[in-house]
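Structure record follows, encoded as structure tokens.
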Protein chains: 2
Amino acid sequence: MRILEAALDLFETQGYEATTVNEIAAAAGITPMTFFRHFPTKDAVLVTDPYDPLIAEAVGAQPVDLPPLERTRLGLLAALGEISAGEDATARRRVAIVARSPALRAAAAIGTEATQEAIVDRLVADGADRLDAAIAASACLAATTAALLAWGAAHADVTLAGLVRRALAQLAPVRS
Amino acid sequence: MRILEAALDLFETQGYEATTVNEIAAAAGITPMTFFRHFPTKDAVLVTDPYDPLIAEAVGAQPVDLPPLERTRLGLLAALGEISAGEDATARRRVAIVARSPALRAAAAIGTEATQEAIVDRLVADGADRLDAAIAASACLAATTAALLAWGAAHADVTLAGLVRRALAQLAPVRS
DNA sequence: GCTTGAATGTTAGTCGCTAACATTCGTGGG
DNA sequence: CCCACGAATGTTAGCGACTAACATTCAAGC
């Protein structure tokens, strides 16, 4: 946790790419080597995705006769309640930092690929075509990610759940 | 072009991360330094996006009273003709390599961010809300990217335009 | 008290990438 | 025809992320 605090502080003051893991290690009172024993990469301090199984399950719980995109969309909305509970203070700090760095957004994109894969596997297990499933999952996750990044840059009174609902509403089959 | 050929060959035989730019340079008969004078980064050999203005213009050409997602969707479909003309032989090789490497997919994701930004700017210029525009553009581009990656892994007789049409059809406002 | 295992440190190295400077070489003007 | 100029290439040195092999500390359990 000392590492995480030190890293967050440094990232916020001088930016992500401008701070080296040597600096982080020094600020945390450890060796650079020790940093990598706790985080496999520099970006792992900010990018973590513990929600994949939860989301995949929520998608699978939607009616099977719906098209993949609609199942994914409703599944994400259903999972939203439990996920946005994890909206602690540091979560927003982390998202804000990620939103500012292309390298970090790329790392996050790789992270959401895992989520996409979980969803796709679930959809395919219920008989969906793999490409159709990938299209549906990636579109929904992209919209959600856009909302997430906007949340990181938004004022404190804006809620993540609201933005995500707005994002997924745009993908609803019949729009006003 | 010697560099590009050498890189493509090495990437295909031993994989992207397993081949160093030293190897590429040696295979092309040059110095590592010279490699970076022609390509700013190692991934620049594979990831290039010259279509941004074309796409943004196509999106802008769609009826202004449609919602952002629909404008983007139709714009991408309209631009598809001219883009898939660039389906030369090496394009597919490149996409296939990108599809296999997480690091390259991440680099490509950053590339499509530029496209997304171009689309968003165009939509915002026509009065759309910035977040709504970002959601629409990222969802459409994610679906398109899914199709592109599938194309890279598909048989030779599968056409890119067909896959993209299928991808964007799933985002149509009223589905069967 | 001794041992075991986990956490940490040390050293050295690879790879992507950059900067400062030297070198070759083909082309056009004197 | 020669020289000067600029473009492309090479050389050296270095930074930063990351890894591997090995040594060290240190706390808990037998």
Side-chain angles (χ1 to χ4, degrees), chain A residues 1-49 93-94 97-114, chain B residues 1-49 93-114:
Chain A
M1 343 273 141
R2 280 214 323 274
I3 300 178
L4 201 150
E5 304 259 342
L8 243 54
D9 286 347
L10 287 173
F11 289 160
E12 281 172 346
T13 58
Q14 24 176 304
Y16 173 76
E17 12 260 343
T19 96
T20 119
V21 341
N22 281 38
E23 289 175 305
I24 301 174
I30 57 171
T31 268
M33 223 23 264
T34 308
F35 173 92
F36 287 109
R37 280 206 246 269
H38 291 268
F39 300 93
T41 60
K42 181 183 167 188
D43 44 49
V45 180
L46 297 166
V47 178
T48 38
D49 260 12
R93 288 175 74 190
R94 293 214 306 250
I97 297 171
V98 171
R100 279 191 216 103
S101 159
L104 282 174
R105 291 197 299 270
I110 293 202
T112 69
E113 268 189 22
Chain B
M1 343 273 143
R2 281 215 321 275
I3 300 178
L4 202 150
E5 304 259 341
L8 244 54
D9 286 346
L10 287 172
F11 290 160
E12 281 172 346
T13 58
Q14 22 174 300
Y16 173 76
E17 12 260 344
T19 96
T20 130
V21 342
N22 281 38
E23 288 176 304
I24 301 174
I30 58 170
T31 268
M33 225 21 266
T34 308
F35 173 91
F36 286 109
R37 279 205 245 269
H38 291 267
F39 300 92
T41 60
K42 182 183 168 188
D43 44 48
V45 180
L46 297 165
V47 177
T48 38
D49 261 11
R93 287 175 74 190
R94 293 214 305 249
V95 172
I97 297 171
V98 171
R100 280 190 214 103
S101 158
L104 282 173
R105 291 196 299 270
I110 293 202
T112 69
E113 268 189 22

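None of the values given here were measured: they were computed from a predicted structure. Side chains included, hydrogens not; waters and symmetry mates left out as well; all remaining heavy atoms used.
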Show which side-chain atoms of residues 21-34 of chain B pair as donor or acceptor with protein atoms under 3.5 Å away, not counting sequence neighbours.
unit_1: B/Glu23; atom_1: OE1; unit_2: B/Thr20; atom_2: N; d: 2.8

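In this structure, A/Ser101 contributes its side chain and A/Val98 its backbone to no donor-acceptor pair below 3.5 Å.
Side-chain contact between A/Arg94 and A/Leu8 is present, with at least one heavy-atom pair separated by less than 4.5 Å.
Closest heavy-atom contact between A/Leu104 and A/Val47: O-CG2, 4.3 Å.
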### Query
Could you write nucleotides 7-19 of chain C as a row of B, S and -, 5' to 3', where a protein heavy atom under 4.0 Å of any base atom gives B, of only sugar-phosphate atoms gives S, and otherwise -?
-BBB-----SBBB
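Atom-to-atom, CD1 of A/Ile24 to P of D/dG16 comes out at 12 Å; the value is rounded to the nearest Å.
A cation-pi arrangement is absent between B/Lys42 and B/Phe11 under the rule of less than 6.0 angstrom and at most 45 degrees off the ring axis.
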